[in-house]
Colleague: 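Questions regarding the structure given below will be posed in turn.
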Number of protein chains: 2
Amino acid sequence: MSTLANCAAVLRLFSAERRQLSVTEAAALLGIPKSSASRLLKAMREEGLLRNVAGTPRYEIGNLLFEVARLHRSSSDLIELADRELRELTRQTGHTGYVSILDRADVLVIRMHRGTHPLQVVTPLGARAPAFATANGRAVLARLTDAEVRALHRGGLRPPSPAAPQDMEALLEALATVRRVGHCTAIDEAIPGVGSIAVSVADPERHETLGFCLSFPAAAVPGRERRRIRALLVGAARRIAARVDDPFWRGIAPQLPDAA
Amino acid sequence: MSTLANCAAVLRLFSAERRQLSVTEAAALLGIPKSSASRLLKAMREEGLLRNVAGTPRYEIGNLLFEVARLHRSSSDLIELADRELRELTRQTGHTGYVSILDRADVLVIRMHRGTHPLQVVTPLGARAPAFATANGRAVLARLTDAEVRALHRGGLRPPSPAAPQDMEALLEALATVRRVGHCTAIDEAIPGVGSIAVSVADPERHETLGFCLSFPAAAVPGRERRRIRALLVGAARRIAARVDDPFWRGIAPQLPDAA
DNA sequence: GAATTCGGTTGCGCCATATGGAACATGAGT
DNA sequence: ACTCATGTTCCATATGGCGCAACCGAATTC
């Protein structure tokens with residue numbers, strides 16, 4: 001296992017639920033000896049990738065990462081277009097909206113607009129989830145060929161819930177539907193009780209694809225409201241697609257209002 | 001040179017002015033052969049630390065860093081207290097305010113409040129600068145002993161301008177003044193034409209120190225306005241210090257209005 | 001169209017880095 | 001004083017990473 005692979009593995013141990021890490025925890029979670037973990041964490045601290053929690057031997061994310069992450073290109077014309085449309089959709093519906101990009105087999109939240117609805121779903125920026133089990137994820141996976149989708153999931157799927165696609169065939173079938181109708185709905189998949197409806201857009205010139213969605217408590221949003229959300233998202237996607245000359249949306253027939 | 005040191009060196013090549021990097025550029029900037037640079041960047045991409053700019057062989061900051069940087073503890077009770085006071089100072093004066101922390105011999109901006117003044121200085125979040133040549137930096141360095149300050153600058157100072165401290169003795173003298181009066185002014189130091197006035201606060205229980213400042217175009221802010229800014233900052237620092245039981249401020253006599 | 005230049009990649013031998021077991025150090029709890 | 005958990009260091013060993021040389025493909029120049 002290379003040093004960089006170890007380093008990345010350490011960074012991936014951190015999460016919203018685990019903002020600190022001890023040497024012993026790192027050794028256990030990575031399955032390596034404590035001496036290896038101790039040296040690795042110490043070396044990462046020396047380079048600014050980690051720092052010690054003040055007054056303790058525990059480790060947390062270092063300043064270098066805070067600094068260079070600002071330079072991550074989480075802004076582009078496409079992202080700004082999606083962000084602007086999403087902000088307006090959030091205003092109109094009250095539901096929280098997210099812009100996500102594909103990262104290997106996951107989607108990563110890069111923009112978020114809080115809704116105004118009293119009951120809402122909140123996923124933080126930087127959060128990742130298996131793409132196949134989210135609306136945004138499937139919206140973006142639909143932009144790939146079946147072969148590319150299979151290649152991303154060589155290790156197979158691990159469905160987080162019965163509502164998510166249970167195997168590759170089910171996933172590919174779901175993606176075929178997304179390609180046909182242009183939007184994607186996920187209910188009770190990555191997060192129980194949560195529904196999302198998503199669309200995707202791509203800038204072919206810059207080889208850039210993203211998904212954006214509105215999320216809501218599944219039980220609180222009836223079918224009529226879901227159709228409204230879907231229509232708003234599709235409308236937004238079409239406007240963006242026209243701007244960036246995204247051929248995907250030209251191939252999607254306008255839906256009749258009751259089409260599921 | 002260790003792999004992690006090389007990795008960090010690559011990450012440090014990125015900046016607001018250099019958001020992309022080619023193999024050849026990396027080799028030249030790091031002084032290593034192109035084969036080494038090629039393999040290093042490729043390995044970092046494979047771990048998510050970097051990614052390729054779509055459609056090119058060039059590299060940019062990877063998604064993993066965007067993701068884990070969210071977990072950087074750039075929020076704490078102390079930071080929130082400083083942030084709140086700073087927001088109010090920004091509102092009252094119109095000048096841009098920054099909260100920074102020390103990172104080795106640099107300061108790193110972790111919070112920023114844009115002013116409303118038509119002419120203003122803007123430094124992005126995550127930006128770093130040599131602590132000894134900034135107001136925030138010296139405010140925080142003043143919390144260290146002279147020995148600790150010397151240890152941070154073993155390689156000597158490289159003053160960015162004639163207005164900055166030119167050597168260690170000048171720096172230590174400037175820090176002695178900060179310890180005596182509690183605030184620090186820097187004019188034309190890190191950035192020509194820019195002035196800043198800063199104070200620091202520390203939470204002794206959590207071993208945490210930060211500086212916060214207001215920045216302004218030096219030529220546009222007369223002495224009377226500077227004294228007002230200073231008084232506001234000192235007042236804010238004293239309120240925070242009272243909250244977190246910071247003994248530093250108890251040792252600083254209240255200043256007469258004309259004290260420099 | 002051929003030659004040259006540039007950016008990036010690969011093969012391969014070598015060695016400096018990284019590893020992990022064992023022993024040790026430190027602090028907390030009893 | 002003893003036990004236990006956490007973290008560190010020593011040391012022998014393994015190998016990941018390095019850098020030279022050669023190569024590849026695309027773009028540029030003549």
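Here the structure is a predicted model, which means the values were calculated and not measured. Just so we're on the same page: letters track the sequence lines, and every chain starts at 1.
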Colleague: Can you identify which nucleotide, out of dT9(C), dG8(C), dT19(C), has its nearest atom closest to the R39(A) side chain?
Modeller: dT19(C)

Colleague: With respect to the side chain of V23(B), which nucleotide from dG7(D), dT19(C), dT9(C) is positioned closest?
Modeller: dT9(C)

Colleague: Looking across every strand, which nucleic acid part, if any, lies under 4.0 Å from S38(B) by heavy atom: base, sugar-phosphate, or nothing?
Modeller: base

Colleague: Is the phosphate of dG20(C), meaning OP1 or OP2, less than 4.0 Å from a side-chain N or O of S35(A)?
Modeller: no

Colleague: Closer to the 5' end of DNA chain D via nearest nucleotide, is it E25(A) or I32(B)?
Modeller: E25(A)

Colleague: Is T24(B) touching bases, backbone alone, or none of the nucleic acid, heavy atoms closer than 4.0 Å?
Modeller: sugar-phosphate

Colleague: Tell me whether R12(B) forms a cation-pi arrangement with F14(B), defined as NZ or CZ under 6.0 Å from the six-membered ring centre and within 45 degrees of its axis.
Modeller: no

Colleague: Counting only side-chain N and O atoms of K34(B), is one of them less than 4.0 Å from OP1 or OP2 of dT10(C)?
Modeller: no

Colleague: Using only side-chain N and O atoms of N6(B), determine if any of them is under 4.0 Å from OP1 or OP2 of dC18(D).
Modeller: yes

Colleague: Classify S2(A) by what it touches in the nucleic acid, base, sugar-phosphate, or nothing, heavy-atom distance under 4.0 Å.
Modeller: sugar-phosphate

Colleague: Name the nucleic acid region contacted by T3(A), choosing base, sugar-phosphate or nothing; use a 4.0 angstrom heavy-atom cut-off, strictly under.
Modeller: sugar-phosphate

Colleague: Among dG19(D), dT9(D), dG20(C), find the nucleotide with the atom closest to the side chain of S36(A).
Modeller: dG20(C)

